[in-house]
Amino acid sequence: MQYSKPLPVITAETREFWQGCKRHELVFQRCKDCGTYRHYPRPMCPSCGSWNVEWAKVSGKGKVYTYIIAHQPFHPAFVNDVPYAVVVVELEEGVRLVSNIVDCKPEDIYIGMPVEVIFDDVTEEVTLPRFRPRGNQR
Amino acid sequence: MEGSTLKDKAAIVGIGETEYSKNSGMSHLALLLQAATRAIEDAGLSPKDIDGVIPAMGVIPFEDVAVNLGIEDLKYAVSILMGGASAVASLQSAAMAVAFGIATNVLCLTGWNGYSGMRASAVGKAGDASLTATPVLSPLPKLRDFEMPYGVFVPAHWYAPLAMRHMHEYGTTSRQMGAVAVTCRKHAQLNERAMMRGKPMTIEDHQNSRMIVTPFRLFDCCLESDGAAAVVVTSAERAKDMRHRPVYIMGVAEGHPVPVDHIAARRDMFQIGLSYAAPRAFAMAGVTPKDIDVAEIYDCFTWVVICQLEALGFCKRGEGGPFVESGRIELGGELPINTHGGLLSQAHVLGMNHIVEAVRQLRGDAGAAQVKDAEIALVTGWGDLGDGSVAILRR
């Protein structure tokens, strides 16, 4: 079945992130001068202005910082998904990202919930990082 | 220029609105031009007198406005791209232009066919896959790449995580958000231009309305409307001789949160654009929150009002929920807000209607919703990912 949900447009700036996901590794930019992680990918470090940057693999473990439950679809490809949760995850390394939770009912999500990354190969080109409750091994 | 200030250098001298409806039957351009010509007429000017045009939020190219008005010497044309914060921010730009003689009479306008033309909530039902091409709903490519794949499409998805975190940190409740909705609806009953006139709402109605994006219920979300509004700004000096009593811009500022393009990454999610803008505007005006007689607060969602009241200093951080309860923000209360009904119950035309209402209050023309002896009004804008703007106006 064709994947009909929106996909990222992979650019020179974001390619390393998405290539990491394809390898099932969560990688973020880290400033080589001040050590600060950053997301979204950017040419310059917002903390110190440095252009020196490396891509660093992170643990993939974190906690739910905040979340929402979408009850109404605002995109045709999500009509059969509602209600679905969107979470902001704060990783152990301090970096935050928006994602979804799998293996968990929306009503069971709470702020502070421990989660870990899983990788969803949605197309040949794109793998989306999502999260599941930590300890919930299958 | 050190020590110079925009305080009282510019005034709003004309206001104009279209009818607010679900089906204007007019083109987007015609709608904006109708509001524009009404504002120009209200100022006692002719369209040719306009030499500055600011289409807030880039709702329309300034060229379309200039050509139709027959402007022969357009001296200043910019677009303000701050979503719902654009209308109030456009006052800042207009004030700068007239204060420094760059232009004489500047027209600021917003509006859209927000119901019949481009209705956010209809997308899922209509099977319209073109949403990603709609600039209003996707101001930044980063959202497209890192949030849309997860089901983040509309402003309710952007701001609900903030509200959820606010509830977690400060105990803010859905009933408190409901108090904002009920207040706006109550005020709309007094306004013949309000779309929700004749449709009163109780807190129970709010609590029983369906969830759209938890924690936002249907009645936490503003209306979707067709309509446009416009104002004319000129120098304080010229304003004295015009048709209506001038409404002076005492203080005006915009502000942007950090990082401006990514809500999730903010260390302090409640340090919003307005948190930066408000102290600047109050300092310029030389007044404090206690001096404000009436406030028109941008209300795309109820919680956004609570957050802005905190950022403005009307209450402390975390106390916005209790603040809006017990009638304090209603007409007759300590700080009446959204006396026209707001985006929640008058119409969503991107915030220019808030400025129009503030001007009416200061002219003493607000009818049944008039705040007695209103001398100083405050208007805010909130847009995109928490950009903020604020103007403090006086009669």
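All values below come from the heavy atoms of this structure, side chains included, with hydrogens, waters and symmetry mates left out. Chain naming here is simple, since letters A, B, ... match the order of the sequence lines and numbering starts at 1 in each.
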A:H71 side, atom NE2; B:L218 side, atom CG - distance, nearest 0.5 Å: 12.5 Å

From CZ (A:F78) to CZ (B:F153), nearest 0.5 Å: 4.0 Å

Under 4.5 Å from a heavy atom of chain B, the part of A:P106 involved: neither

Top contributor to chain B contacts, counting heavy-atom pairs under 4.5 Å, from [options]:
options	result
A:A77, A:S99, A:P46, A:A85	A:S99
A:V95, A:V87, A:L128, A:L7	A:L128
A:K5, A:H39, A:R38	A:H39

A:R96 and B:R267, any side-chain heavy atoms less than 4.5 Å apart: yes

Side chain to side chain contact (heavy atoms under 4.5 Å, CB included) between B:Y150 and A:R130, worked out: CA-CA 9 Å; B:Y150 298 105; A:R130 300 190 206 270; 3.8 Å; yes

A:T66 side chain to B:P161 backbone, donor-acceptor under 3.5 Å: yes

Check: A:Y40 side chain, B:H262 main-chain N or O, donor-acceptor pair, under 3.5 Å: no

Nearest heavy-atom neighbours spanning [X] and [Y]:
X	Y	answer
B:E169	A:Y65	OE2-OH, 4.0 Å
B:P259	A:R42	CB-NH2, 4.1 Å
A:V98	B:A264	CG2-CB, 4.0 Å

Which of B:H157, B:R165, B:M167 touches chain A most, by non-hydrogen pairs under 4.5 Å: B:R165

Most chain A-contacting option - heavy-atom pairs closer than 4.5 Å, from B:D261, B:V258, B:T214: B:T214

Step-by-step side chain to side chain contact (heavy atoms under 4.5 Å, CB included) determination, B:K142 to A:E13: CA-CA 11 Å; B:K142 295 286 199 296; A:E13 233 155 64; 3.9 Å; yes

Side chain, backbone, both or neither of B:M269 within contact of chain A (heavy atoms, under 4.5 Å): side chain

